[in-house]
**Q** 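The structure follows.
Protein chains get the first letters and strands the later ones, always in sequence-line order, with residue 1 at the start of each.
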Number of protein chains: 2
Amino acid sequence: MRDVAALAGVSLKTVSRVVNGESGVSADVRDRVAAAVLRLDYRPNLAASNLRRTVARTGLLGALVQDLSNSYSAGLLRALEDGARPHRTAVLAASLDEGIERERELVHDLVSRRVDGLVIMPASERQDYLVTELRSGPPVVFVDRPPRGIVADSVMVDHALGARLAAAHLLEQGHRRVAGLFHLARISTVQDRLAGYRAAHEALGLTPDPGLVVTDLSTADEAAAAVLALLDLADPPTAIFAGRNILAAGAVAALAERGLRRTVALVGFDDFPLADLLDPPLTVIRQDVGRIGRTAAEMVFGRIGGDTQTPRQVVIEPTLVTRGSGEIPPPA
Amino acid sequence: MRDVAALAGVSLKTVSRVVNGESGVSADVRDRVAAAVLRLDYRPNLAASNLRRTVARTGLLGALVQDLSNSYSAGLLRALEDGARPHRTAVLAASLDEGIERERELVHDLVSRRVDGLVIMPASERQDYLVTELRSGPPVVFVDRPPRGIVADSVMVDHALGARLAAAHLLEQGHRRVAGLFHLARISTVQDRLAGYRAAHEALGLTPDPGLVVTDLSTADEAAAAVLALLDLADPPTAIFAGRNILAAGAVAALAERGLRRTVALVGFDDFPLADLLDPPLTVIRQDVGRIGRTAAEMVFGRIGGDTQTPRQVVIEPTLVTRGSGEIPPPA
DNA sequence: GGGCCGTCTGACAACGATGTCACGTTCACG
DNA sequence: CGTGAACGTGACATCGTTGTCAGACGGCCC
């Protein structure tokens, strides 16, 4: 900047004025400065600029998601990016991999970097630690999972409703042995999905067989192994509810191995690319990830803009997308 | 920081020393400062710190990919994140959507933010503009597509080889009418894939029918429409090579619509989740995206660390993954 | 007891930019 | 022709931190 000022024969402040398009600079001077900027490839240092500015915005949005390579997280991130762009804000993204300590470290790091806002899909069960972290820190919006131990904005689908829709759909067709595959039981949304699965049974005066419920499944392989074990039962399930996208993938693989893809009904939670091209096409509970991301972005930028309403919990209704795999009837 | 210093009864510099774990601070003072830091929830301002430091690192890696929600980009991003973490570096990610102007803007923005390094999957055909941008800017590594008009490191698969493997695989089984679906013809890697597709034909003394080659397909829907049109030809293709992951998805959908999934052979470029669960499972050319990302991260951090070797072009060999869809024989 | 050294600490400038304010011109007006 | 407002510009302090250097202090040696 000093060099630009020297080359243009003006003061630092005037260079600043031109670079920031402030008024009150004569056309002549503006041109001279612009020429010098081009000639020297001058790029303002955003960090220094933000340091000095009164309304200090780093133009950074922190996004902590479960796993960047997972289609759900990736879709969410993309929606956040689109929501951030109009605000001239870039997205700092990181994966938590369900790591609680990692969540803490990453939040700390992002706060130190003075992000303007934070969108987080928490791995931890409680986020009390955020209270101090955020006392004078950036606004936070929770997605996919609700905040615990702290009051904050959140956007998520009704997990219990989604699971209930899925299980009810299978039960309505006459299935009475509906297996349930779930992710880590310690996660609140997993508990919600489990509750929804049970509620669907109870609404019909039924009780799910505990032997058909498997929790703490993290990978497709684990889900496949669980399904194979279930199929080996004396009284195997005639339908399966997979409480997470990759668990549905594992279930499909297991059913394929036994040649039962057209025999055992399957409904998954979370849509994913190509689900409609499977054979039979996969019936799923869809969460509108784009809408979730856009809503989260709106909320966080609202807070950044000074919105001080009491925190809102936005709940988005999931929908059942019937494609075939969930409409296989039980054996006569 | 001033408050911490006051509370601990020491100078600013001493707080700095304690926070940065510098030696030469008595245990007593260190404890007092640490207590004050905790009490006041003090967080060092990374931007200010980097501004002053001699070896200024922002701890930011810029990653410009085609589309964050695409499984290929997402997988790459994840690998970059993993490669960046040991260097205490966070990833600033953005989507280009094949937008040339957008690429320019985003690069400019990232340079202004003083990222330590840049990994870019370029949308533009030539990157001359980067020469000035990077004269005293961060090191850049290109992924997936080669740099043009600028000398820089790059990591990518051999696109021509991949396409050749795919087309040769189909031709070897006796197919003589192998359609080719391709993305934007202006993109160099698309040209490479086209060349590979042609080379496979020429190796057998054949010439691909221009009527079976469709370029400038961007979406699954466009690919599906193209395939339907091809199937309506008087002499339709007996096999299809889809030069990009979502084009394969479109092709599958079109074949499904005509009930030809087990009749027309199909090989895709780029693997994706669930490709093995399709019926028939999809035969693809796989690029090891994790390896590409890790290699790119290694290269960019090498440069950041002061490596000044002449730029390297790392080429990773794609592999043919046979699963079924590509092994359908031509009609007798 | 004087000199020297090592240890610990603080004062000050600097990183690259912007907010504040005051100064010098120009020009319309009475 | 004097006055004052409007305009254009620059000097200086400042943002939150770290590099440099100097000084205070205690202990050791001769």
**Q** Compute whether any side-chain donor of one residue and acceptor of the other, for A:Gln127 and A:Ser124, lie under 3.5 angstrom apart.
**A**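 Yes, because at least one side-chain N or O of A:Gln127 sits under 3.5 Å from a partner of the opposite role on A:Ser124.
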
**Q** Please evaluate residues A:Val155 and A:Val141 with respect to the criterion side-chain contact (heavy atoms from CB on, under 4.5 Å), reporting the C-alpha separation (whole Å), side-chain torsions for both, the decisive distance (0.1 Å), and the verdict.
**A** CA-CA 7 Å; A:Val155 190; A:Val141 172; 4.1 Å; yes

**Q** Does OP1 or OP2 of D:dC7 have a side-chain N or O of A:Ser26 closer than 4.0 Å?
**A**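 No, outside the criterion.
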
**Q** Is the closest basic N to carboxylate O distance between B:Arg312 and B:Glu298 below 4.0 Å?
**A**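 Salt bridge absent between B:Arg312 and B:Glu298.
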
**Q** Within this structure, what is the CG-to-C1' distance between B:Asp28 and C:dT9, rounded to whole angstrom?
**A**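 Answer to the nearest Å: 13 Å.
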
**Q** One thing to verify: whether A:Arg102 and A:Glu105 come together as a salt bridge, which I'm taking to mean a side-chain N less than 4.0 angstrom from a carboxylate O.
**A**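 Looking at A:Glu105 and A:Arg102, the cut-off is not met.
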
**Q** Applying side-chain contact (heavy atoms from CB on, under 4.5 Å), run through A:Arg114 and A:Leu60 and close with a yes or a no.
**A** CA-CA 8 Å; A:Arg114 300 293 192 271; A:Leu60 289 176; over 6 Å; no

**Q** Generate the contact string for nucleotides 16-24 of chain C. Rules: B means base contact, S means sugar-phosphate contact only, - means no protein heavy atom under 4.0 Å.
**A** BBBBB----

